[in-house]
Each structure stands twice: as structure tokens, then as C-alpha cells.
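What you see below is based on every heavy atom in this structure, not just the backbone, and it leaves out hydrogens, waters and symmetry mates.
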Amino acid sequence: MNNFDEYIDRKNTGAFKWDHMKDLYGRDDLLPMWVADMDFPSPIGVQKALLDRVMHPVFGYTAPMPTLLPVIQTWLKNRHSWKVDKDHLSFSAGVVSAIGMTIQGLTEPGDKILLQSPIYTPFFSMIEHNNRVVVNSQLKVIDDRFEIDFIDFEEKLKEGVKLFLLCSPHNPGGRIWTKEELTRMGELCLQYGTIIVSDEIHADLFHSSYTHYPLASLDERFADQTVTLMAPSKTFNIAGMQASIMITSNSDIRTKITTTQTRNAFHGLNILGLTAMEAAYQTGETWLDEMLAYVETNVQIAEDFISNEIPGLRCMHPEASYLLWIDCRGLGLNDKEIQDLLTSKGKLALEPGTKYGPGGEGFVRMNIGCPRALLNDGLNRLKQAFS
């Protein structure tokens with residue numbers, strides 16, 4: 001059994017979450033529960049594989065071992081019931097990098113790209129930095145749950161949208177889209193000739209009462225018009241390895257993306273990224289199951305505490321991942337006031353909902369992928385902030 005209660009001091013290790021709070025929050029005496037990496041040790045199989053590779057004293061140019069692609073294929077088949085041809089797999093230095101490459105390779109400056117806010121911040125920034133136009137079909141909150149406004153979604157597609165950036169499971173809401181929702185989005189994108197880029201970085205983190213369905217696995221027609229982005233980074237807490245995969249069955253789309261990667265001087269993953277990826281998918285499943293069980297208990301603890309101890313706050317129940325989207329609108333405060341109280345009174349660093357675009361106002365995102373002692377400390381600080 002893995003010990004997820006163990007506290008590991010990450011300070012002075014270059015950890016963005018712990019060592020760079022002052023840059024973003026103006027002080028460094030806060031408990032960081034913001035950026036989306038976990039405070040758990042990565043699987044022992046990953047650690048061992050990295051140590052073994054480091055003990056080999058030569059770190060020259062590297063290509064993937066022939067065992068890597070079959071390992072990824074097996075993972076996708078066993079975890080997601082998705083049979084993927086190895087020729088459809090390619091690599092990227094992280095999912096955000098992959099989003100940038102797909103935008104550059106599949107659209108032109110001035111083209112319209114659809115997203116659904118509130119949503120992971122780089123969706124906006126990658127569109128804007130590449131001189132494309134953001135088209136937003138804002139999600140609705142119904143009974144503390146994100147729902148798609150399909151009437152608005154279709155109206156936005158009619159505007160000539162070239163690319164749709166889907167977040168599945170959804171970040172920050174932790175929502176797993178149903179087969180019916182995914183199918184409806186897929187059919188509409190087919191109807192209007194819109195390519196789908198599906199960010200499924202949290203795909204492996206679905207909770208026990210739910211199942212994640214890769215959009216491209218539901219219909220060959222969807223697969224032919226979809227680029228699926230996945231990674232071991234969130235799943236196994238190895239985000240610093242900057243190693244992700246793209247799954248693209250359409251050879252023309254795949255060629256456009258790889259050509260763009262070449263133009264941007266990307267020639268493959270580094271030695272340790274490749275090593276960590278293969279070890280994670282090959283040896284990490286037991287660790288993942290135990291981690292998810294631990295996180296699900298964290299979710300229950302957090303939801304109960306907030307419901308019982310902090311009037312005015314509500315939680316959107318996460319169906320996947322270790323992120324809690326908290327509705328603070330009942331406090332009657334604006335976003336600046338919420339953040340000021342969190343940092344000055346609660347000494348707690350949470351992500352402001354405004355970072356996620358329209359619909360994020362009045363919310364905060366809390367990372368509860370941490371040992372229970374840190375979780376309890378963070379919940380008490382949250383209570384203190386609004387007492």
C-alpha cells in the first residue's frame with residue numbers, strides 16, 4: 001500500500017506551486033493549494049526507472065524504445081476500452097504545447113476557435129498568442145453542475161469556427177461529459193466541418209462512480225476529425241517531465257501537426273520524459289487506483305466541511321481529478337475581496353475563478369490532491385478567511 005499521508009517538503013526544489021507564490025500572490029507565507037500538481041510522491045516504479053536510467057552514464061540523443069508505443073496502446077485499451085493504432089500516436093512536450101501546435105498546424109491567423117468557459121486558462125492564451133479569435137460558448141451552472149448550452153454551441157459553430165477546443169474531463173469543474181453529450185458535440189462539429197482538439201489530460205482520473213469516454217473512441221467519424229491529447233503528467237504526478245501524447249487517426253491532420261512541430265524545432269521527448277512515461281503506464285496502475293481512492297475521501301471530507309462549517313460556500317462535486325471548484329457567490333463579495341480575505345486572513349493560495357474566463361466570477365479552485373493533514377489545514381484556513 002502506498003502512503004499518501006506522508007508529508008514531503010517541496011520547498012526550495014524549484015516547485016512552482018511552493019516556491020513562486022510571492023510572484024503571483026504577493027507573499028510567500030501561504031499554504032499553496034492552487035496549481036494542479038499533487039503533493040504525493042510519484043509511483044515507485046517511475047522513481048526506480050528514472051534512477052536506473054540515470055545510473056547509465058551516457059545521455060545522448062534518444063528515440064523512444066520500441067516497447068513504449070505498445071505500453072501506451074495497452075493502457076488505452078485497458079483503462080478506456082479504446083483500441084488505438086500505434087501509427088496514430090505521436091508525442092508532444094506537454095498538452096499545452098500540443099494545443100499550440102494544433103492551433104498553428106490546423107488553422108490560420110484570424111480563424112475562429114471555439115471553447116467553453118470557464119475553462120483552463122491556456123485555452124484562451126494559446127488562441128490569443130497565435131493571433132486567432134476566441135469564440136466562447138459559456139457553460140451553464142444548473143444544480144451545482146456544469147451543463148452545455150447546445151443551442152448556443154450550435155449558433156457559435158455557425159459562425160465559421162475552424163477548431164473546437166474541448167476540455168474532457170472539464171477543468172476546473174471536474175465534470176465528465178456523458179456519451180450523449182459527447183456524441184451531440186461530435187455530430188455538430190461534423191455537421192459544420194469543425195476539427196476537435198480534445199484535451200483529455202485528466203482522462204485517467206475519473207472517480208469510482210463515473211467513467212470517462214474519449215470522444216474519438218465513440219465513433220470512427222469523430223476520430224477522423226479529432227486530435228486527442230493525453231498525458232501521464234496529471235495521472236502520475238510527473239508534470240515536470242513535459243511528456244504527453246497525441247492520438248490522431250486522420251493522416252492529413254497528423255501530418256499538418258508533425259510538420260508544425262518540425263517547424264518549431266520539436267524533435268521528440270527527452271530521455272527522462274520517455275523513461276517516466278513508459279514506467280508510469282507500465283507499472284503505475286495500482287498506485288493510481290489507491291491514489292484515486294484517497295482523493296475521493298479527500299473530496300468527501302472537503303465537501304462535508306464546507307457544507308457544515310462555511311455558510312455561503314457551495315461545491316461543484318468533481319466527477320474526476322483532484323480539483324474542487326468552489327462557489328463563493330453566496331458571500332456577497334467581489335473577486336478581489338475574496339482573494340484578499342484568502343491571502344491576508346486565511347493565508348491560503350487558491351486559484352481565482354476569473355482566471356478561467358466568463359462564468360468563473362465568484363468561484364475559486366482548490367487543489368485537494370495532498371496528504372490529509374494539508375487538506376485539513378487548508379480547509380481550516382478557508383474557514384478562517386471567511387469567518
Side-chain angles (χ1 to χ4, degrees), residues 1-19 21 30-55 71 75 78-79 169 174 201-210 212 231-241 243 272-273 275-306 315 317-324 347-350 365-382:
M1 291 287 291
N2 291 280
N3 180 18
F4 295 102
D5 282 322
E6 178 187 4
Y7 171 75
I8 298 173
D9 187 358
R10 298 179 62 194
K11 294 177 183 176
N12 300 313
T13 64
F16 192 54
K17 181 178 182 179
W18 287 87
D19 291 339
M21 279 185 293
L30 311 178
L31 178 65
M33 302 184 79
W34 58 292
V35 74
D37 67 5
M38 296 180 282
D39 288 307
F40 302 136
S42 299
I44 192 68
V46 173
Q47 298 178 48
K48 183 179 184 303
L50 289 170
L51 285 169
D52 288 346
R53 183 60 188 86
V54 168
M55 290 307 294
V71 165
W75 181 266
N78 292 345
R79 203 78 187 177
I201 196 170
H202 292 106
D204 298 317
L205 299 174
F206 57 89
H207 294 177
S208 57
S209 299
Y210 304 92
H212 169 77
S233 54
K234 305 294 184 186
T235 306
F236 302 103
N237 206 31
I238 54 173
M241 292 295 168
L272 298 186
T275 300
M277 177 183 283
E278 182 166 351
Y281 285 135
Q282 192 164 44
T283 69
E285 188 165 28
T286 298
W287 179 95
L288 174 60
D289 290 338
E290 292 178 8
M291 182 275 289
L292 286 173
Y294 189 94
V295 166
E296 286 189 55
T297 301
N298 276 4
V299 169
Q300 189 63 58
I301 291 170
E303 289 180 334
D304 289 346
F305 183 94
I306 289 170
C315 293
H317 180 71
E319 299 168 353
S321 196
Y322 46 84
L323 304 169
L324 202 59
K347 301 291 181 65
L348 183 63
L350 302 184
R365 193 189 75 171
M366 185 177 194
N367 180 349
I368 57 173
C370 59
R372 208 139 291 150
L374 283 181
L375 172 65
N376 291 328
D377 186 9
L379 291 171
N380 284 308
R381 289 170 185 248
L382 185 65

Give a yes or no answer on whether the side chain of His202 reaches the backbone of Lys234 with a donor-acceptor pair at less than 3.5 Å.
->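 Flag not set: sc His202 to bb Lys234 has no pair under 3.5 Å.
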Please lay out, stage by stage, how Asn298 and Tyr322 fare under the test side-chain contact (heavy atoms from CB on, under 4.5 Å).
-> CA-CA 9 Å; Asn298 276 4; Tyr322 46 84; over 6 Å; no
Polar side-chain atom of Arg372 near backbone of Phe4 as donor-acceptor pair, under 3.5 Å = no
Out of Asp377, Leu382, Asn380, Leu30, which residue meets the side chain to side chain contact (heavy atoms under 4.5 Å, CB included) rule with Leu348?
->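 For Leu348, the side chain to side chain contact (heavy atoms under 4.5 Å, CB included) check succeeds only for Leu382.
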Do Met277 and Met241 pass the side-chain contact (heavy atoms from CB on, under 4.5 Å) test, and can you show the C-alpha distance, the side-chain angles, and the key distance before you say yes or no?
-> CA-CA 9 Å; Met277 177 183 283; Met241 292 295 168; over 6 Å; no
Closest non-hydrogen contact found for Asp289 with Arg79 is OD1-NH2, 2.9 Å
Within a strict 4.5 Å, meaning less than it, do heavy atoms of the Asp5 and Tyr294 side chains meet?
->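 Answer yes - side chains close enough.
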Validation row: Ile301, Ile368 side chains within 4.5 angstrom (heavy atoms) = no
Lys17 backbone acceptor or donor facing Trp34 side chain under 3.5 Å = yes
Distance-only, no hydrogens or angles: does the Asn367 side chain make a donor-acceptor pair with backbone N or O of Val35 under 3.5 Å?
-> yes
Under 3.5 Å, is there a donor-acceptor pair between the side chain of Thr275 and the main chain of Leu50?
->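 Side chain of Thr275 to backbone of Leu50, a donor-acceptor pair under 3.5 Å: no, none is there.
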Report yes if the side chains of Thr283 and Ile44 come closer than 4.5 Å at any heavy-atom pair, otherwise no.
->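 No, too far: nothing below the 4.5 Å cut-off.
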If we only count heavy atoms from C-beta on, is the Leu51 to Lys48 side-chain gap below 4.5 Å?
-> no
Heavy-atom distance under 4.5 Å between the side chains of Pro318 and Leu324, does that happen here?
->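 In contact.
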Taking Glu319 for its side chain and Tyr210 for its backbone only, find out whether a donor-acceptor pair lies under 3.5 Å.
-> no
Donor-acceptor pair, side chain of Asp204 and main chain of Thr235, under 3.5 angstrom =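 Looks like no, no N/O pair under 3.5 Å.
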Evaluate side-chain contact (heavy atoms from CB on, under 4.5 Å) for Met291 paired with Met38, printing each intermediate quantity in order.
-> CA-CA 10 Å; Met291 182 275 289; Met38 296 180 282; 3.7 Å; yes
Hey, mind stepping through Leu379 and Met366 against side-chain contact (heavy atoms from CB on, under 4.5 Å) and telling me if it holds?
-> CA-CA 10 Å; Leu379 291 171; Met366 185 177 194; 4.1 Å; yes
Spell out, as yes or no, whether a donor-acceptor pair under 3.5 Å connects the side chain of Asp19 to the backbone of Asn12.
-> yes
Does Gly174 offer a backbone N or O that forms a donor-acceptor pair with the side chain of Ser321 under 3.5 Å?
-> no
When you check the gap from the basic side-chain N to the acidic O, do Asp39 and Lys11 get nearer than 4.0 Å?
-> no
Note, Trp18 side chain near Leu31 side chain (heavy atom, < 4.5 Å) | yes
